[in-house]
Amino acid sequence: MADPLLTLTRAFEAAIAAAFGAEHAATDPMIRRSAHADYQANAAMALGKKLGRPPRVVAEAIKAALRLDDVCSKVEVAGPGFLNLVLRDDYVARELAATAADPRLGVPAARDPETVVIDYSSPNVAKEMHVGHLRSTILGDAIARVLSALGHTVVRQNHVGDWGTPFGMLIEHLIDQEQAGEGDLSASDLTSFYKAARAKFDADPAFAERSRRRVVLLQGGDEPTLGKWKSLVAASMRYFGSVYGRLGVTLTDADVAGESLYNAALPGVASDLEQLGLATVSEGALCVFPPGFTGREDDPLPLIVRKQDGGYGYAATDLAAVRHRVAAIGARRLVYVVGAPQAQHLAMVFAVAKLSGWLAPPARAEHVAFGSVLGPDRKMFKTRGGETVRLVDLVDEADDRAAKVLAEKNPDLDEETRARVAHAVGVGAVKYADLSNDRIKDYVFDWDRMLAFEGNTAPYLMYAHARIRSIFRKTDAKPGDAIAVTTKEERALALTICRFGAAVEEVGDTLCPHKLCAYLYDLASAFTSFYEACPVLKADDDATRASRLSICDLVARVLARGLDLLGIDAPDRM
RNA sequence: GUGCCCGUAGCUCAGUUGGAUAGAGCGGCGGCCUUCUAAGCCGUUGGUCGCAGGUUCGAGUCCUGCCGGGCGCGCCA
């Protein structure tokens, strides 16, 4: 109830029903923020058309039926039939106080909570985590946090690449290393490990042959081979865990559901598709041709479930995962945080899952597609040497750069605090840069821009938060219950605060975290304007001071909570 | 060839699901620190929303066709 939008919407629905009959009660009043007032209602135009009456007459009728005396100070018809709404100051203050008293800060609890599976991050065992994993990991984690905050049951699924033909050579290489007494897997560099195995595979035919035999042993369930495989997986999981820890990502070992998890289910997927009459053998491979998908020459496009050689492709694994998530986990919403290039593949998987009945309403799947991270040259982000950028190196550089800026801007921080704050600022900047752009688009990775303290950046939001915390370090006064809204800056700030819940809810619907970023930037901007114009500790009187302290405290809580939902820390000082 | 995505100020990006005069930041120009963090604030400059049609009271937003760029399109994941 802390969002005036909800109160207004309800009042309009009642007014429309009263003026035009109950059959129009469900008409969306279309209340939006307005440059001409606090809000505007746009329903009269559409309603006028439906009723065959002039929109302005309809608007007047709605206005006459509205009961908003204690909410609005002004309601007027404008233009072709807009209803401009100005809220009463005391009403705004009441709503603000209600938000301040609400532990959820206005974030609604889902009326119909669901179990949501979120598939994200998905690095490969025995390989380094690199920028290619950044967006899935960051976006997925933010989405998980937001849906969880909205009251849904979130099940994280880290679909790690822990199976496939490369494991033959990796295991053989591991054996070689152990025999040479170099078998310290935990300390070894994953990149060089993988590259060394790859190099040997390409250069040494005997090694390549051993590797191929090893794949067969692995797939056959040979115990010693499985043991080696498990130690490779375990080493990688420890490594991933350390990267997630440094990034502040919530994924744990308990969330791992790698490709190998579905191995046993793959023959069943294939045979069930055959029995359903969906799959046919084409060029030796078992394929499903879902309607509506064509390739070159208008040929039907196959989803290859089983390859010519009898092995199962990733399509089979993806289908088994859908089945598992719906049937075993009980998911109603399947979210895939996967790059945009895989749109067609996923669309086909979803189509087949629906045809087979494994994905049936109310369960549904959504592809949260995202673009690439680009370098300054607008091509895929690489190091100067043309190598892929490791996530650990990215975090190191973020720490360094943030520490440098911090040392310059605030030399008063002690060493330990500075390191802690630098990490929060550095990693926060990287994450925020990723989250604040519309995910479907590519974006250019630019250290200077993301670490800038002006504009829509993490440091700007954090700075606003830290300034508020600084105020409270300078006083013993506690925020009280009474809030008054008088100046135009207080008013603008108050109305912005009230939108928090709607902003979070919108991210839950659209799975577009940049909408929450845009909101938080609005909030921080509104706060800094207020901060410049309205003295808090030096307010004219005690009542104003207490009220402004309450507003400050509330802004700090919303900023911190909003950033937390994005997976970003908000330090108390910086 | 075909499918999907993108095209908004000099640059980087928003645009509340079709609403009034398209908004921010950077850059440029001009102001504001004896006062809570100036890492900031205020003002100003700057647009044929890729192009052309269409749908309607109303289109940056929806539909069609072009132009330009990116990414997919049978056994890698």
Side-chain angles (χ1 to χ4, degrees), chain A residues 5 30 32-36 40 42 45-46 48-49 54-55 78-82 84 122 124 159 161 163-166 259 282-287 292-299 301-309 311 313-315 317-318 339-345 347 369 371-372 374 378 405-406 408-410 412 436-438 440-444 446 448-449 451-457 459-460 462-464 466-475 499 502-503 506 509-510 514-515 517-519 521-522 525 528-529 531-539 548 552 573-574:
Chain A
L5 197 60
M30 292 203 282
R32 305 286 131 91
R33 285 187 287 139
S34 174
H36 304 274
Q40 63 184 57
N42 305 329
M45 277 79 77
K49 168 144 240 173
F82 298 109
N84 287 341
S122 308
N124 294 312
H159 195 81
W163 202 252
T165 48
E259 292 165 355
S282 165
E283 296 175 31
L286 185 68
C287 302
F293 294 91
T294 52
R296 291 175 185 276
E297 317 286 314
D298 260 9
D299 288 340
L301 211 54
L303 188 67
I304 296 172
V305 177
R306 194 178 58 219
K307 300 181 285 184
Q308 275 182 336
D309 65 5
Y314 55 97
T317 309
D318 286 340
Q342 291 198 52
Q344 192 174 45
H345 166 70
S372 309
L374 306 178
R378 287 208 146 262
V405 178
L406 222 52
E408 181 192 326
K409 304 289 188 186
N410 193 350
D412 297 340
S436 59
N437 284 286
D438 188 358
I440 196 63
K441 298 180 183 173
D442 298 345
Y443 78 94
V444 177
D446 183 334
D448 292 335
R449 197 157 51 235
L451 281 166
F453 291 80
E454 57 273 323
N456 189 10
T457 67
Y460 179 80
M462 291 174 163
Y463 180 54
R467 286 170 110 179
I468 298 172
R469 287 298 173 225
S470 171
I471 292 174
F472 284 95
R473 279 195 296 275
K474 289 182 158 52
T475 178
R499 282 164 40 215
E506 194 181 7
D509 291 339
T510 62
H514 81 280
K515 290 175 182 293
C517 296
Y519 166 79
Y521 179 58
D522 277 353
S525 301
T528 39
S529 296
Y531 181 87
E532 296 286 335
C534 306
V536 178
L537 295 177
K538 288 167 187 154
R548 288 181 180 166
C552 284
R573 57 181 89 212
M574 63 187 280

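Numbered from 1 within each chain, the chains take letters A, B, ... in sequence-line order.
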Over all strands shown, is [X] touching base, sugar-phosphate only, or nothing at heavy-atom distances under 4.0 angstrom?
X: A:Cys517; answer: nothing
X: A:Ile468; answer: nothing
X: A:Ala35; answer: nothing
X: A:Arg33; answer: base
X: A:Lys409; answer: base
X: A:Arg469; answer: nothing

May I ask you to evaluate whether [X] reaches the phosphate of [N], defined as a side-chain N or O under 4.0 Å from OP1 or OP2?
X: A:Ser470; N: B:U37; value: yes
X: A:Arg378; N: B:U12; value: yes
X: A:Lys441; N: B:U12; value: no
X: A:Arg467; N: B:A38; value: yes

The side chain to side chain contact (heavy atoms under 4.5 Å, CB included) partners of A:Arg473 (sequence neighbours excluded) come to A:Arg469, A:Ser470, A:Asp572, A:Arg573
With sequence neighbours excluded, what pairs up with A:His159 under the side chain to side chain contact (heavy atoms under 4.5 Å, CB included) test? A:Asp119, A:Ser122, A:Glu259, A:Tyr262, A:Thr317, A:Asp318, A:Ala321, A:Arg325
Answer yes if the ring centres of A:His36 and A:Phe82 are under 6.0 angstrom apart, and no otherwise. no
Syn or anti conformation of B:U17, syn meaning chi within 90° of 0: syn
Base of B:C33 relative to its sugar, syn (within 90° of 0) or anti? syn
Any N/O pairs under 3.5 Å between the protein and nucleotides 68-74 of chain B? List them or say none.
{"unit_1": "B:G74", "atom_1": "O6", "unit_2": "A:Glu283", "atom_2": "OE2", "d": "3.2"}
{"unit_1": "B:G74", "atom_1": "N1", "unit_2": "A:Ser282", "atom_2": "OG", "d": "2.9"}
{"unit_1": "B:G74", "atom_1": "N2", "unit_2": "A:Ser282", "atom_2": "O", "d": "3.1"}
{"unit_1": "B:G74", "atom_1": "N2", "unit_2": "A:Ser282", "atom_2": "OG", "d": "3.0"}

Counting only Watson-Crick and G-U wobble pairs with both atom distances below 3.5 Å, the stems of 3 or more consecutive pairs that include RNA chain B are B:1-7 with B:67-73, B:10-13 with B:23-26, B:27-32 with B:40-45, B:50-54 with B:62-66
At under 4.0 Å between heavy atoms, which parts of nucleotides 17-27 of chain B does protein reach? Answer with one letter per nucleotide, 5' to 3': B base, S sugar-phosphate only, - none. B-BB---SSS-
Tell me the interatomic distance from A:Arg548, atom CZ, to B:C36, atom C1', rounded to whole angstroms. 12 Å
What's the CZ-C1' distance between A:Phe453 and B:C41, to the nearest Å? 17 Å
Testing the 3.5 Å rule here: is there a donor-acceptor pair between the side chains of A:Tyr463 and A:Thr528? no
Which residues share a side-chain hydrogen bond (donor to acceptor under 3.5 Å, both in side chains) with A:Tyr521, sequence neighbours left out: none
